[in-house]
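Everything on this sheet refers to the single structure shown next.
Below, chain A is the first sequence line, B the second, and so on; all start at residue 1.
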2 protein chains.
Amino acid sequence: MASQMTEMLKGTLEGIVLAILGDQPAYGYEITGRLREQGFADLAEGTVYALLIRIEQRGFVDVEKVPSEKGPPRKVYSLNAQGRTQLDEFWRTWSFLAERIGHLKTAHAEGEK
Amino acid sequence: MASQMTEMLKGTLEGIVLAILGDQPAYGYEITGRLREQGFADLAEGTVYALLIRIEQRGFVDVEKVPSEKGPPRKVYSLNAQGRTQLDEFWRTWSFLAERIGHLKTAHAEGEK
DNA sequence: CCGACTAACTAGTGTTGCCAGGTACCGCTA
DNA sequence: TAGCGGTACCTGGCAACACTAGTTAGTCGG
């Protein structure tokens, strides 16, 4: 059974990761772990890696290989100028959608009075 | 170039339509028109019809054919008990996601101070 | 008859997240 | 030294979903 969340993440997950990278650079394994801690428990590891490759190919991030004490070298991603533009666009789209859906929700609440 | 909105609607559009039907019954052409008025200007008509068929097959709505004064008969959809359950589930999932992303946004705003 | 509006439907396409693996590096322990 | 767990990254195939670009059909006015 496909969870609601799976479908809802389509389109938003990219923005979420861009927002994380906008705060500070990070690498894939780290991002997956953080998201899982923050409630996205079922997030598939492969999903994050695929997404990172995608946003790299679109030129939203810069990549640097950094050796790790334990394990293979990390690929640290950092948001560049184009990525920041994309992130702003994400916030605009998200705000619009959230506002629209917010209206529906209050209408829903009104109806329950 | 696929718009951000297109991808973001995946998963949420179903909830939006369920919410509309939760308020009062409606038919496809009407729903498409209303959504377009409310800012989803680029929403494809076919998308709504496909979605309605989907939620009908999943048993979330009841259908009634009602003759129209002008044009072919309308298929009026109304939310049933199972649909209301699904709608509640949507609100839960949405609330969680919106809250999580809200955190990222404030973190973003903090960083801009 | 023809265009415009209403109203519903469909086949094919692209994007996206998930599944279920695999590879590789390191340290610890039996 | 062989195995195991943790770290870290990647891949091929699949399913769901919205969009494209149409088609069909009913009603009305010019």
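- Comparing atom distances between the A/Thr6 side chain and each of D/dA18, C/dC18, C/dA24 picks out C/dC18 as nearest.
- A straight line from CD of B/Gln57 to P of C/dC9 spans 11 Å, rounded to a whole angstrom.
- Looking at the side chain of B/Leu9, the nearest of the listed nucleotides C/dA8, D/dA18, D/dA8 is D/dA18.
- The residues A/Arg84 and A/Glu89 are annotated as not salt-bridged, no charged nitrogen and carboxylate oxygen being separated by less than 4.0 angstrom.
- Within 4.0 Å (heavy atoms only), A/Ala44 reaches sugar-phosphate atoms of the nucleic acid but no base atom.
- Here D/dA18 is the nucleotide among C/dC9, D/dA18, D/dT7 with the atom lying nearest to any side-chain atom of B/Leu51.
- Summarising the geometry, the separation between CZ on B/Arg74 and P on C/dC9 is reported as 14 Å, rounded to the nearest angstrom.
- Nucleic acid contact class of A/Gly46 (heavy atoms, under 4.0 Å, all strands): base.
- Comparing C/dG17, D/dA18, D/dT7 against the side chain of A/Arg54 picks out C/dG17 as the nearest.
- Comparing atom distances between the B/Glu7 side chain and each of C/dA8, C/dT15, D/dC19 picks out C/dT15 as nearest.
- At whole-Å resolution of the value, CE in B/Met5 and P in C/dT15 are 19 Å apart.
- Taking the nucleotide of DNA chain D with the nearest heavy atom to each of B/Arg58 and B/Glu45, the more 5' of the two is matched to B/Arg58.
- Counting non-hydrogen atoms under 4.0 angstrom, B/Glu69 reaches the backbone sugars and phosphates but no base.
- Between A/Ile53 and A/Lys70, the residue anchored closer to the 5' end of DNA chain D is A/Lys70, taking for each the nucleotide with the nearest heavy atom.
- Aromatic rings from A/Tyr77 and A/Phe60 are positioned such that their centres are separated by 6.0 Å or more.
- In this structure, the nucleotide among D/dA18, D/dC10, C/dC9 sitting nearest to the side chain of B/Leu13 is D/dA18.
- Here the C1' atom of nucleotide C/dC9 and the CD1 atom of B/Ile31 are 15 Å apart, to the nearest Å.
- The distance between atom CD1 of B/Ile55 and atom P of C/dA8, rounded to the nearest whole Å, is 13 Å.
- Between A/Leu52 atom CG and D/dC9 atom P there is a gap of 8 Å when expressed in whole angstrom units.
- Side chain of B/Tyr49, nearest nucleotide from D/dT7, C/dA8, D/dC9: C/dA8.
- Residue-level contact check: B/Thr47 touches the bases, meaning some heavy atom is under 4.0 Å from a base atom.
- Out of C/dA8, D/dT7, D/dC17, the shortest distance to the side chain of B/Tyr29 is found at C/dA8.
- A/Lys75 places its NZ atom 16 Å from the P atom of C/dA24, with the value rounded to the nearest Å.
- Between B/Arg34 and B/Glu37 no salt bridge is recorded (no basic side-chain N to carboxylate O distance below 4.0 Å).
- At distances below 3.5 Å, not a single donor-acceptor pair connects side-chain atoms of A/Arg100 with backbone N or O atoms of B/Gly39.
- Between the base of D/dA18 and the side chain of A/Lys10 there is no donor-acceptor pair shorter than 3.5 Å.
- Side chain of A/Asp62 to main chain of A/Leu79: no donor-acceptor pair is present (N/O by atom type, distance under 3.5 Å, no hydrogens or angles).
- Ranked by how close their nearest DNA chain C nucleotide is to the 5' end, A/Pro72 and A/Thr12 are led by A/Thr12.
- When the C1' atom of D/dC19 is taken as reference, atom CG of B/Asp42 falls 11 Å away, rounded to whole Å.
- In this structure, B/Tyr27 does not reach the C/dA8 phosphate: none of its side-chain N or O atoms is under 4.0 Å from OP1 or OP2.
- The aromatic rings of B/Trp94 and A/Trp94 sit parallel to each other, their planes meeting at less than 30°, with 60° as the upper class boundary.
- Out of D/dC19, D/dA18, C/dG17, the shortest distance to the side chain of B/Leu43 is found at D/dC19.
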